[in-house]
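Single-structure report; data block below.
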Amino acid sequence: PCAYLLIVGEGSRQDALHQIARDQGVERHVIFTGRRDDIPAVTAAFDASAPSYEAHASVQRDVAARLARLLPDLARPRVLELGCGTGLFSRHLAARYPEGRFVLTDAAPAMLAECRHNLAPSLCSDISFEIMDASRPGGEGPFDLIASSMALHWVIEPTSSLERLRDTTRTPGLTKI
């Protein structure tokens, strides 16, 4: 099977990344997209597909399950999830931390509504849902765990976003992406 690596963004490291791809002989398998300016259109597309998203999300479901196996042991954690979508990973988080407190976020309101619908209230009672663009993470920290499954590739400026996330974690805090 053929695989491609999609690199989104522009910056001082882009030329170096091009050179590494050439040096490794994988340049034809690396796609540099440049700066993203289509996030509103992407959000609208996710909103439109929210009701049927899970029927076509086998890869996302598998990745969420694999990432869930990496979750640390935490007692009653405060958890921020970025890009919760319809709740494929959120369900794992709630099952893993039944006494946790959760802030589940997504930039697409319809995806967030599907997540709310898909999470059985019996899994966890302390869940809030917020419309939030992972490119500009916020939330009332501090958090013990910041988690995201297959969402950060939509972030326009990942470095600055991750720096803001670092500032909202407890010390020591964990980020699982």
Side-chain angles (χ1 to χ4, degrees), residues 1-11 13-14 17-18 21 26-68 70-71 79-95 102-121 123-124 127-140 143 145-165 168 175-177:
C2 187
Y4 289 90
L5 174 63
L6 177 67
I7 299 179
V8 178
E10 296 175 344
R13 297 187 185 125
Q14 188 169 7
L17 290 172
H18 275 286
V26 296
E27 184 175 24
R28 65 186 185 97
H29 295 280
V30 179
I31 301 167
F32 292 88
T33 65
R35 184 169 177 81
R36 301 234 23 176
D37 59 2
D38 63 344
I39 297 302
V42 170
T43 300
F46 275 113
D47 271 337
S49 68
S52 61
Y53 182 84
E54 288 199 18
H56 310 283
S58 60
V59 171
Q60 292 84 346
R61 186 175 293 101
D62 291 346
V63 170
R66 288 179 185 197
L67 186 56
L70 301 174
L71 291 170
V79 179
L80 171 65
E81 183 184 5
L82 300 171
C84 66
T86 60
L88 291 169
F89 187 47
S90 310
R91 284 169 255 181
H92 290 283
L93 290 168
F102 299 89
V103 179
L104 307 180
T105 70
D106 202 285
M111 294 294 268
L112 200 61
E114 285 293 317
C115 182
R116 181 188 309 263
H117 174 77
N118 289 333
L119 255 69
L123 281 177
C124 179
I127 300 177
S128 65
F129 299 87
E130 297 181 18
I131 296 172
M132 181 190 303
D133 182 349
S135 297
R136 295 181 252 344
E140 294 293 321
F143 295 99
L145 175 67
I146 299 173
S148 183
S149 178
M150 298 192 70
L152 291 185
H153 57 280
W154 298 113
V155 172
I156 294 172
E157 295 291 340
T159 302
S160 60
S161 296
L162 289 171
E163 287 170 352
R164 282 192 291 274
L165 289 172
T168 65
T175 304
K176 288 287 184 183
I177 300 170

| task | Any chance you could lay out the side chain to side chain contact (heavy atoms under 4.5 Å, CB included) test for Ser128 and Phe102, step after step, and finish with the verdict? | result | CA-CA 6 Å; Ser128 65; Phe102 299 89; over 6 Å; no
Nearest atoms (heavy-atom pairs only) where [X] meets [Y]:
| X | Y | answer |
| --- | --- | --- |
| Leu104 | Leu112 | O-CD1, 3.6 Å |
| Cys115 | Cys84 | SG-SG, 3.8 Å |
| Phe143 | Val79 | CD2-C, 3.8 Å |
| Ala110 | Asp47 | N-OD1, 2.7 Å |

| message | Just to verify, what does Ala64 make a side chain to side chain contact (heavy atoms under 4.5 Å, CB included) with, not counting sequence neighbours? | response |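 With sequence neighbours excluded, Ala64 shows a side chain to side chain contact (heavy atoms under 4.5 Å, CB included) to Leu88, Phe89, His92, Ser149, given in chain and number order.
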Between side-chain atoms of residues 54-61 and protein atoms elsewhere (two or more places apart, or another chain), which donor-acceptor pairs fall under 3.5 Å?
| residue | atom | partner | partner atom | Å |
| --- | --- | --- | --- | --- |
| Glu54 | OE1 | Arg91 | NH2 | 3.3 |
| Glu54 | OE2 | Thr86 | OG1 | 2.7 |
| Glu54 | OE2 | Arg91 | NH2 | 2.3 |
| Glu54 | OE2 | Asn118 | ND2 | 3.1 |
| Gln60 | NE2 | Tyr53 | OH | 3.4 |
| Arg61 | NH2 | Glu54 | O | 2.8 |

| Does anything in residues 104-119 pair up under salt bridge (Lys or Arg N to Asp or Glu O under 4.0 Å), and if so which pairs, sequence neighbours excluded? |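 Of all non-adjacent pairs touching residues 104-119, none passes salt bridge (Lys or Arg N to Asp or Glu O under 4.0 Å).
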| request: Start with the C-alpha gap between Leu82 and Met132, add the side-chain angles, then the distance that decides, and say whether side chain to side chain contact (heavy atoms under 4.5 Å, CB included) holds. | output: CA-CA 8 Å; Leu82 300 171; Met132 181 190 303; 4.1 Å; yes
| message | Between Leu71 and Leu93, does the side chain to side chain contact (heavy atoms under 4.5 Å, CB included) criterion hold? Intermediate values first, please. | response | CA-CA 8 Å; Leu71 291 170; Leu93 290 168; 3.8 Å; yes
| Donor-acceptor under 3.5 Å (Thr105 side chain, Glu81 main chain) |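 Between the backbone of Glu81 and the side chain of Thr105 there is a qualifying donor-acceptor contact (under 3.5 Å).
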| Do the side chains of Ile127 and Val103 get nearer than 4.5 Å, heavy atoms only? |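 Sidechains of Ile127 and Val103: no contact.
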